[in-house]
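These numbers come from a predicted model, not from an experiment.
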Amino acid sequence: MIFAANFKTNHTRKSTQVYVKELNEKLAAKKPEDKVYIFLPATALDVYEGDFRVGTQNAYPAVNGAYTGEIGLEQLAEFDIKTILIGHSERREYMGESQEKVAEKFSFFQKQNFEIIYCIGEPLHIREKGFEAVMQYLLAQFEGIDIGYDHLIIAYEPIWAIGTGRSATVEEISTTHRALKKVIDNKPLLYGGSAKPANIKEIINIAGVDGVLVGSASLDASSFSQMILS
Ligand code: PEP
């Protein structure tokens, strides 16, 4: 299973060091085949030792240059970061990242051989239209994306379940993952959306779920490690 933490705009460098210390203590009991990622805010990126991989939540598709407020490959290389989250709904929605921009980013980091966790997900009004509308919406988020890329993990995150405390139902996750698996070349497929210690077992036992991308419940090292060790 894959367990990925997305800190979003939470934690500082200092609190991340405390977090990593606690996580490492807990990870001593983790199954060797399970993989753990933590996606940190840019100011907390650093070289951390442990049985997990550090990723960036975002970066500009350039080595360096005149992109005020952004970080590029050069800044990531300083800490040997080779993992990136692309297409998260918060970046699509709040930062106005179009599918074209997302695809450009994907292609740049693919050329750099990064491991990419690529997020897709539908808003509530699409889910309410029914399954066909959901799949049509999700498949459009693969436009310009090389699904055959070797170092690709996909995260299905229904937007209405992110940070709301309301996870998708087992039936919704199961049906959507089954349909997605047919088109994603058997790449690992994570579920994201209010995953937490109370529902993790149920979620990871669903066929077609290869792990979880966790926001709120990952901010506390003991809650996140409880999920990993469940
Ligand atoms: C996310 O934003 O990737 C996410 C899954 O958030 P949460 O777990 O808080 O719903």
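- In this structure a side-chain-to-backbone donor-acceptor pair under 3.5 Å is present from Thr175 to Glu171.
- A continuous path of Ile, Leu, Val, Met, Phe, Trp and Tyr side chains, each step under 4.5 Å between heavy atoms, connects Val212 with Met1, placing both in one hydrophobic cluster.
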Practice item. Verify side chain to side chain contact (heavy atoms under 4.5 Å, CB included) between Val36 and Arg53, making sure each step is shown before the conclusion. Key: CA-CA 6 Å; Val36 176; Arg53 239 182 130 132; over 6 Å; no

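- Residues Ile81 and Val54 meet the side-chain proximity criterion, which asks for heavy atoms closer than 4.5 Å.
- Tyr60 has its side chain out of reach of Ile71: every pair of non-hydrogen atoms, C-beta onward, lies at least 4.5 Å apart.
- Taken from CG in Leu189 to CZ in Arg178, the straight-line distance is 12.5 Å, to the nearest 0.5 Å.
- The backbone N or O of Ile200 sits nowhere less than 3.5 Å from a side-chain atom of Lys196 that would complete a donor-acceptor pair.
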Practice item. Applying side-chain hydrogen bond (donor to acceptor under 3.5 Å, both in side chains), run through Arg166 and Ser194 and close with a yes or a no. Key: CA-CA 6 Å; Arg166 172 192 162 189; Ser194 297; over 6 Å; no

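- Rounding to the nearest 0.5 Å gives a distance of 12.5 Å between CD of Glu132 and CD1 of Ile126.
- With 3.5 Å as the limit, one finds no donor-acceptor pair spanning the side chains of Gln57 and Arg91.
- Between Leu85 and Cys119, the shortest heavy-atom distance links the atoms CD1-SG, 4.2 Å.
- Cluster annotation: Leu45 and Val18 are assigned to distinct hydrophobic clusters (Ile/Leu/Val/Met/Phe/Trp/Tyr, side-chain heavy-atom contacts under 4.5 Å, transitive).
- The closest donor-acceptor contact from the side chain of Asp146 to the backbone of Gly148 lies under 3.5 Å.
- Interatomic distance, Ile84 CD1 to Leu76 CG, rounded to the nearest 0.5 Å: 6.5 Å.
- Aromatic rings of Phe79 and Tyr48 (six-membered ring for Trp) have centroids beyond the 6.0 Å cut-off, not under it.
- Side chain of His11 to main chain of Leu40: no donor-acceptor pair is present (N/O by atom type, distance under 3.5 Å, no hydrogens or angles).
- The side-chain heavy atoms of Leu190 and Ile154, taken from C-beta on, include no pair separated by under 4.5 Å.
- A side-chain donor-acceptor contact under 3.5 Å links Glu115 and Tyr37.
- Judged by distance alone, the side chains of Thr12 and Ser15 do bring a donor and an acceptor atom under 3.5 Å apart.
- At least one side-chain heavy atom of Ile145 sits less than 4.5 Å from a side-chain heavy atom of Gln99.
- Remark: the Gln226 side chain and the Ser223 side chain contain no N/O donor-acceptor pair separated by less than 3.5 Å.
- Tyr19 and Phe39 fall into different hydrophobic clusters, defined by Ile, Leu, Val, Met, Phe, Trp and Tyr side-chain heavy atoms under 4.5 Å apart, directly or through other members.
- Heavy-atom minimum distance, Glu157 versus Gly193: OE2-N, 4.3 Å.
- Closest approach of Ala195 and Met227 over heavy atoms only: C-CE, 3.5 Å.
- Nearest approach of Ala179 to Phe131, heavy atoms of both residues: CB-CZ, 3.7 Å.
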Point to revise | Residue pair Tyr118, Phe142: steps toward the side chain to side chain contact (heavy atoms under 4.5 Å, CB included) verdict | key: CA-CA 9 Å; Tyr118 182 68; Phe142 287 126; 4.0 Å; yes

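- Using a distance-only test at 3.5 Å, with no hydrogens or angles considered, a donor-acceptor pair links the side chain of Lys82 to the main chain of Gln112.
- In this structure, Asn64 contributes its side chain and Gly72 its backbone to no donor-acceptor pair below 3.5 Å.
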Exercise for review: Check the pair Glu122, Arg127 against salt bridge (Lys or Arg N to Asp or Glu O under 4.0 Å), reporting the backbone distance first and the verdict last.
Suggested key: CA-CA 7 Å; Glu122 83 285 358; Arg127 174 57 67 173; 2.9 Å; yes

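- Clustering ILVMFWY residues whenever any of their side-chain heavy atoms sit less than 4.5 angstrom apart, transitively, puts Phe52 in a cluster other than the one holding Ile153.
- Gln141 places a side-chain N or O within donor-acceptor distance of the main-chain N or O of Gly121, the cut-off being under 3.5 Å.
- With sequence neighbours left out, Lys129 forms a salt bridge (charged side-chain N to carboxylate O under 4.0 Å, His left out) with no residue at all.
- Leu138 and Val102 fall within the same hydrophobic cluster, defined by Ile, Leu, Val, Met, Phe, Trp and Tyr side-chain heavy atoms under 4.5 Å apart, directly or through other members.
- The pair Lys181-Asp210 meets the salt-bridge criterion, with a side-chain N (NZ, NE, NH1 or NH2) lying under 4.0 Å from an Asp/Glu carboxylate O.
- Smallest separation of non-hydrogen atoms from Ile2 and Pro188: CD1-CB, 4.0 Å.
- Of the residues listed (Ile206, Asn199, Asn205, Ile203), the one engaging Val170 in a side-chain contact (heavy atoms from CB on, under 4.5 Å) is Ile206, and it is the only one.
- At a threshold of 4.5 Å between non-hydrogen side-chain atoms, the residues Pro158 and Leu124 do not count as touching.
- In terms of modelled atom types and a separation under 3.5 Å, the side chain of Tyr191 and the main chain of Ala168 share a donor-acceptor contact.
- Summarising the geometry, atom CD belonging to Glu70 is positioned 5.5 Å from atom CG belonging to Asn58; distances are rounded to the nearest 0.5 Å.
- Under the ring pair (Phe, Tyr, Trp, His ring centres under 6.0 Å) criterion, Phe114 pairs with Phe109, not counting sequence neighbours.
- Heavy-atom neighbours of Glu25 CD from other residues, nucleotides or ligands within 6.0 Å: above the threshold of 12.
- Using the six-membered ring where Trp is involved, Tyr156 and His177 have ring planes that are perpendicular, over 60° apart on the 30 and 60° scheme.
- Between atom CG of residue Asn10 and atom CG of residue Leu219 there is a gap of 4.5 Å, rounded to the nearest 0.5 Å.
- In terms of modelled atom types and a separation under 3.5 Å, the side chain of Glu93 and the main chain of Glu90 share no donor-acceptor contact.
- The minimum heavy-atom distance between Leu213 and Ala155, with the atom names listed, is CD2-CB, 4.0 Å.
- One finds the CD1 atom of Ile38 at 15.0 Å from the CZ atom of Phe3 (value rounded to the nearest 0.5 Å).
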Check your understanding: Given the rule in the side chain to side chain contact (heavy atoms under 4.5 Å, CB included) test, do Ile162 and Ser89 qualify, once you have shown the distances and angles that lead to the verdict?
Key -> CA-CA 9 Å; Ile162 294 180; Ser89 61; 3.4 Å; yes

Point to revise | Verdict with supporting geometry, Phe7 and Thr16, side chain to side chain contact (heavy atoms under 4.5 Å, CB included) | key: CA-CA 10 Å; Phe7 281 12; Thr16 301; 4.2 Å; yes

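- Proximity of a side-chain donor or acceptor of Arg92 to a complementary backbone N or O of Glu97 within less than 3.5 Å is not detected.
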